[in-house]
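To start, the structure itself, in structure tokens.
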There are 2 protein chains.
Amino acid sequence: MGNKIRIGITGYGNLGRGVEASIKQNPDMELVAVFSRRDPASVTVADPNVKVLPIASAEDYKNDIDVMILCGGSATDLPEQGPSFAAHFNTIDSFDTHAKIPEYFASMDEVAKPSGKVSIISVGWDPGMFSINRLLGEAILPVGETYTFWGKGLSQGHSDAVRRIKGVKAAVQYTIPIEEAVNRVRSGENPELSTREKHLRECFVVAEDGADLSEIETTIKEMPHYFSDYNTIVNFINEEEFRVNHSKMMHGGFVIRSGETGEGNKEIMEFSLKLDSNPEYTASVLTAYARAAYKLSIEGQAGAKTVFDVPPAMLSPKSPEQLRKELL
Amino acid sequence: MGNKIRIGITGYGNLGRGVEASIKQNPDMELVAVFSRRDPASVTVADPNVKVLPIASAEDYKNDIDVMILCGGSATDLPEQGPSFAAHFNTIDSFDTHAKIPEYFASMDEVAKPSGKVSIISVGWDPGMFSINRLLGEAILPVGETYTFWGKGLSQGHSDAVRRIKGVKAAVQYTIPIEEAVNRVRSGENPELSTREKHLRECFVVAEDGADLSEIETTIKEMPHYFSDYNTIVNFINEEEFRVNHSKMMHGGFVIRSGETGEGNKEIMEFSLKLDSNPEYTASVLTAYARAAYKLSIEGQAGAKTVFDVPPAMLSPKSPEQLRKELL
């Protein structure tokens, strides 16, 4: 590969910072600019040579950027930014509102097809790597069950829900797979598991001075949708302990396919992740798929895609010959 | 999908039988015929309605079969059968002589391109699923190390080597990953591991009456290439115990990528298999890739491919819409 793949980043939170770090690990790529909604002067990127520009100016750079990695959130940023960027750029995003994926895919495809750009949506680990493994599991072992466990990991959505409770100063929530359930699945038993049997939720909460702790605890445990279907442990800690022990965004999980072949032979496939940094790992997946978007675009493809549509070879900087020789 | 995908099987050993069983689990496929080098009258297939035909007659069925699954061995069958079948059929095979893959790929591509057929080579779990995970690991986490462990599982090649020793009546050899090494890798330590530190070899041997057991044991342990680089345990057992406890073709293993992102965050990706039946699982992978070969061929593609070239969606009987909705 002669020239480097020129990357742009839109949105500079945890994920955007992770993408910047990931690009540094990939010698076939270079970061052209970071686009932000904030005043560029207020945004400090890790590499002082990287330009920070207002998001409204992005279109001016459409000939200087091969792939734009959209690092906004799924709730409000991506539904709006996605289609507007797909009109001018190959894009990668981590849209993760599972229920709205078909709708988001359609809105991206509608723009990317006529613009002749490739938009790979919902990239990361779930959706993303976990999705690929769910697909492989059921395609290879059609008689069987698929189980997804998440954790141990910090859930941003659940932590936010706890932080919104009156009297809570700071909080994190960890999702923890229940070991007994994981072991039953790994043994090939194919159990039916309720929500409560699969995951435990554990909260670490810093309360305001004078807050009613038992009321906070009850409010958490009875919160519909977020906590009421789970066994939840609530720990109250002080601010110092919170800062020291609960600032890492660790996460992970397992996808297990437990299938049967022939006359009752059990076959177990498992994919697992153990991540110190959820946003940095997610960013690393986005970066690898940016390479794929670039290659697909060079091939003349256009439209919305997902991880299901991308041949593994496209993610690698190695040539097909090298891959066959070194990795097959 | 209106019509079923019409499959042919060439070679009816453990792998061919596994493919027959796997096709029964996939309602979008049907088995048209089994082709054998043996006298067809001597080959009994599981489903009495399936035709068994001489391999020399296969070409007569080129319009009746969408994909031919080649179930011969890599040493002598596939190098000869592969190109001859690729001239008339889309093919899938499990060519697994790692060092000769580039050469075999070239010989298949040379025939399949002009014949307008798709030949996916080296399909199974290693090469196959493990290869995909080695590729994903290094593409997503370029700073890191990849480790492949095999077992616990029965190694056919090593069992054969033991059986060839004078005085040995029957034997199996299990490859066993050394737990301490696996745990060091899983911890993110990125150790340098010698051959001896990664795997242990354990043999169960039935000796001929009056054979010199200590000579057999020494011959095994000192056998170059197969055993001399490993710690090997040799157990002598009787025929009854052999029959009862050592007839299953279990296997499995792990591919672990241990990488680093940002400022020293550790990220561990792991794919593992635990298989009661190595040939039945391998056959199930071949069957899923037969579906992909069919779809690629319908798209107008031709030539040799590997698992690296196949988008995951092609393996599934589900539509792209269904996949996005149900599995992403």
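Chain identifiers are assigned alphabetically (A, B, ...) following the order of the sequence lines, protein sequences preceding nucleic acid strands; residue numbering begins at 1 within each chain.
- For L135(A), the parts lying near chain B are the backbone and the side chain together; criterion is any non-hydrogen pair under 4.5 Å.
- One distance of note links CZ of F308(B) with NZ of K318(A); it measures 9.5 Å at 0.5 Å rounding.
- Heavy atoms of A139(A) lying under 4.5 Å from chain B belong to its backbone as well as its side chain.
- With a 4.5 angstrom heavy-atom cutoff, R186(A) touches chain B only via backbone atoms.
- Heavy atoms only, all atoms of each residue included: L328(B) and S131(A) are closest at O-OG, 2.6 Å.
- Salt-bridge check for R134(B) with E326(A): failed, with every basic side-chain N at 4.0 Å or more from each acidic carboxylate O.
- Using a 4.5 Å cut-off between heavy atoms, M129(A) touches chain B through its side chain atoms alone.
- Ranked by non-hydrogen atom pairs under 4.5 Å with chain A, the options K266(B), R17(B), E267(B) are led by E267(B).
- When heavy atoms are compared at a cutoff of 4.5 Å, S272(A) approaches chain B by way of both its backbone and its side chain.
- Contacts between E260(B) and chain A at a heavy-atom distance below 4.5 Å involve the backbone alone (N, CA, C, O).
- Side-chain N or O atoms of D276(B) include none that pairs as donor or acceptor with a backbone N or O of N265(A) at under 3.5 Å.
- Between the CG atom in N278(B) and the OG1 atom in T261(A) there is a gap of 10.5 Å [rounded to 0.5 Å].
- The most heavy-atom pairs under 4.5 Å with chain A, out of P320(B), A288(B), S284(B), come from S284(B).
- Going from atom CG of N133(A) over to atom CG of N133(B) covers 6.5 Å, rounded to the nearest 0.5 Å.
- The parts of L327(A) that come within reach of chain B are both its backbone and its side chain, each placing non-hydrogen atoms under 4.5 angstrom from that chain.
- Summarising the local packing, CD of E189(B) is surrounded by more than 12 heavy atoms from other residues, nucleotides or ligands at distances under 6.0 Å.
- For E263(A), the CD atom sits in a loose shell: 12 or fewer heavy atoms of surrounding residues, nucleotides or ligands are nearer than 6.0 Å.
- Looking at F271(A), the atoms closer than 4.5 Å to chain B (heavy atoms on both sides) sit in the backbone and in the side chain alike.
- In this structure, the portions of S277(A) lying under 4.5 Å from any heavy atom of chain B include both its backbone and its side chain.
- Annotation: the span from L315(A) atom CG to L136(B) atom CG amounts to 6.0 Å, rounded to 0.5 Å.
- Note that the NE2 atom of H98(B) and the CZ atom of R324(A) stand 15.0 Å from one another [nearest 0.5 Å].
- When all heavy atoms of G262(B) and A21(A) are compared, the closest pair comes out as CA-CB, 4.2 Å.
- For a residue to count as touching a neighbouring chain, one of its non-hydrogen atoms must lie under 4.5 Å from one of that chain's; by this rule V307(A) touches chain B with backbone and side chain alike.
- Panel note: side chain Q25(A), backbone I140(B); no donor-acceptor pair is recorded below 3.5 Å.
- For K24(A), no part sits under 4.5 Å from any heavy atom of chain B, backbone or side chain.
- Around atom CD of E110(A), no more than 12 heavy atoms belonging to other residues, nucleotides or ligands sit under 6.0 Å away.
- Contact annotation for D96(A): neither backbone nor side-chain heavy atoms come within less than 4.5 Å of a heavy atom of chain B.
- For I101(A), the part lying under 4.5 angstrom from a heavy atom of chain B is the side chain only.
- No salt bridge links E270(B) with K274(A); every basic N to acidic carboxylate O contact stays at or beyond 4.0 Å.
- Heavy-atom contacts from other residues, nucleotides or ligands closer than 6.0 Å to CD of E299(B) number more than 12.
- Put simply, the side chain of P142(A) reaches to within 4.5 Å of the side chain of N26(B), judged on heavy atoms.
- From F105(B), atom CZ reaches atom NZ of K325(A) across 15.0 Å, with rounding to the nearest 0.5 Å.
- For chain B, the nearby parts of V285(A) are the backbone and the side chain; heavy atoms of each come within less than 4.5 Å.
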